[in-house]
Amino acid sequence: MTRIRSLLALIAIAGFLPACGWFAVAGVIVGVDYGVNKKNDNGSWRDFEATPEQTFQAVQDELKENWPHVVVKNKPALKDGTAEFKGKKGHIKVAPHVRYKEYTRVEVEVGTFDSKERSDNYKKFLDSIGKRLGE
């Protein structure tokens, strides 16, 4: 809904611009839309059939043993089943599944734009969490 309002506002402003102004506004809209979509597409998540406590411990152990280069800047702790590991360029979030109480979701996001290398790393990390949880 916010994107629609922004688009309408830009169109209203562009109405007062000469024809070349329309091209500038169109370029801004396309650029912003591309950036928002790429940002929202970045990252990965997976649901695990485990408690938040088990999943939190698996994430901590995996980071410590196999991803020592990942610097966690905060001291994550579970609060109401949710914890977030914050790094310099991304984060890992552990949270109870909204709909299925026997599952916990792990979300991983690093950087601004997605890439094949990052996707492979997300998959590798989430696969390792699954192995630790017996999946």
Side-chain angles (χ1 to χ4, degrees):
M1 190 65 172
T2 305
R3 288 171 60 183
I4 292 171
R5 285 187 198 145
S6 298
L7 179 63
L8 291 174
L10 283 171
I11 290 172
I13 291 169
F16 297 106
L17 298 174
C20 62
W22 281 98
F23 291 113
V25 170
V28 169
I29 291 170
V30 169
V32 168
D33 190 49
Y34 176 78
V36 166
N37 285 330
K38 288 305 282 181
K39 173 70 175 141
N40 291 339
D41 288 345
N42 187 28
S44 190
W45 57 268
R46 191 172 303 165
D47 296 328
F48 298 100
E49 191 171 359
T51 65
E53 292 79 12
Q54 293 168 323
T55 309
F56 176 76
Q57 189 61 51
V59 169
Q60 279 189 314
D61 293 345
E62 181 62 22
L63 284 171
K64 191 181 303 178
E65 292 174 25
N66 297 320
W67 302 83
H69 59 282
V70 175
V71 178
V72 177
K73 293 192 164 216
N74 64 333
K75 296 199 182 282
L78 276 175
K79 184 175 181 180
D80 299 324
T82 302
E84 189 165 3
F85 298 78
K86 296 182 181 180
K88 184 177 180 181
K89 295 182 178 182
H91 71 275
I92 301 167
K93 184 177 179 183
V94 176
H97 194 282
V98 178
R99 187 178 269 165
Y100 305 106
K101 300 301 177 198
E102 65 274 8
Y103 286 86
T104 302
R105 177 166 288 184
V106 176
E107 298 174 10
V108 183
E109 183 178 317
V110 178
T112 305
F113 294 103
D114 202 8
S115 69
K116 170 95 171 89
E117 180 183 0
R118 284 192 181 137
S119 294
D120 291 345
N121 283 337
Y122 297 151
K123 182 179 181 330
K124 183 178 172 185
F125 179 80
L126 293 170
D127 286 348
S128 296
I129 299 300
K131 286 178 187 171
R132 288 179 181 276
L133 294 171
E135 290 187 358

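Everything numeric here is computed off the predicted structure, so don't read it as measured data. The analysis underlying the following values was restricted to heavy atoms, covering all of them including side chains, and did not include hydrogens, waters or symmetry mates.
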(message) For Ala50 versus Thr104, what's the shortest heavy-atom pair and its separation?
(response) O-OG1, 2.7 Å
(message) Testing the basics here: between Pro96 and Thr82, what is the closest heavy-atom pair and its distance to 0.1 Å?
(response) CD-OG1, 3.5 Å
(request) Test Arg132 against every option in Gln57, Glu65, Gln54 by the side chain to side chain donor-acceptor pair (under 3.5 Å) rule and name the one that passes. (result) Glu65
(message) Rounded at 0.5 Å granularity, tell me how far OG in Ser44 sits from CG in Asp120.
(response) 11.0 Å
(request) Can you sort out the partners of Trp45 under ring-ring contact (aromatic ring centres under 6.0 Å, His included), two or more places apart, ordered by chain and number? (result) none
(request) Would you give the length of the straight line joining atom CG of Leu126 to atom CD of Glu107, rounded to the nearest 0.5 angstrom? (result) 10.0 Å
(request) Please lay out, stage by stage, how Leu63 and Phe125 fare under the test side-chain contact (heavy atoms from CB on, under 4.5 Å). (result) CA-CA 9 Å; Leu63 284 171; Phe125 179 80; 4.0 Å; yes
(request) Locate the shortest heavy-atom distance separating Ala77 from Ala83; write the atom from each residue and the value. (result) O-CB, 3.6 Å
(request) Could you tell me which residues satisfy side chain to side chain contact (heavy atoms under 4.5 Å, CB included) with Lys86, sequence neighbours excluded, listed by chain and number? (result) Asn74, Glu84
(message) How close do Ile129 and Ala58 get, counting heavy atoms only, and between which atoms?
(response) CD1-O, 3.6 Å
(request) State, to 0.1 Å, how close Pro52 and Gly81 come at their nearest heavy-atom pair, and which atoms those are. (result) CB-O, 3.3 Å
(request) With sequence neighbours excluded, tell me which residues meet side chain to side chain donor-acceptor pair (under 3.5 Å) with Arg46. (result) Asp127
(message) Please give the remaining members of the hydrophobic cluster of Tyr100, linking ILVMFWY side chains under 4.5 Å, ordered by chain and number.
(response) Tyr103
(request) Quick one: list whatever passes ring-ring contact (aromatic ring centres under 6.0 Å, His included) with Phe85, sequence neighbours left out. (result) Phe56
(request) Apply side chain to side chain donor-acceptor pair (under 3.5 Å) to Asp47 and list each qualifying residue two or more places apart in sequence or on a separate chain. (result) His97, Arg105
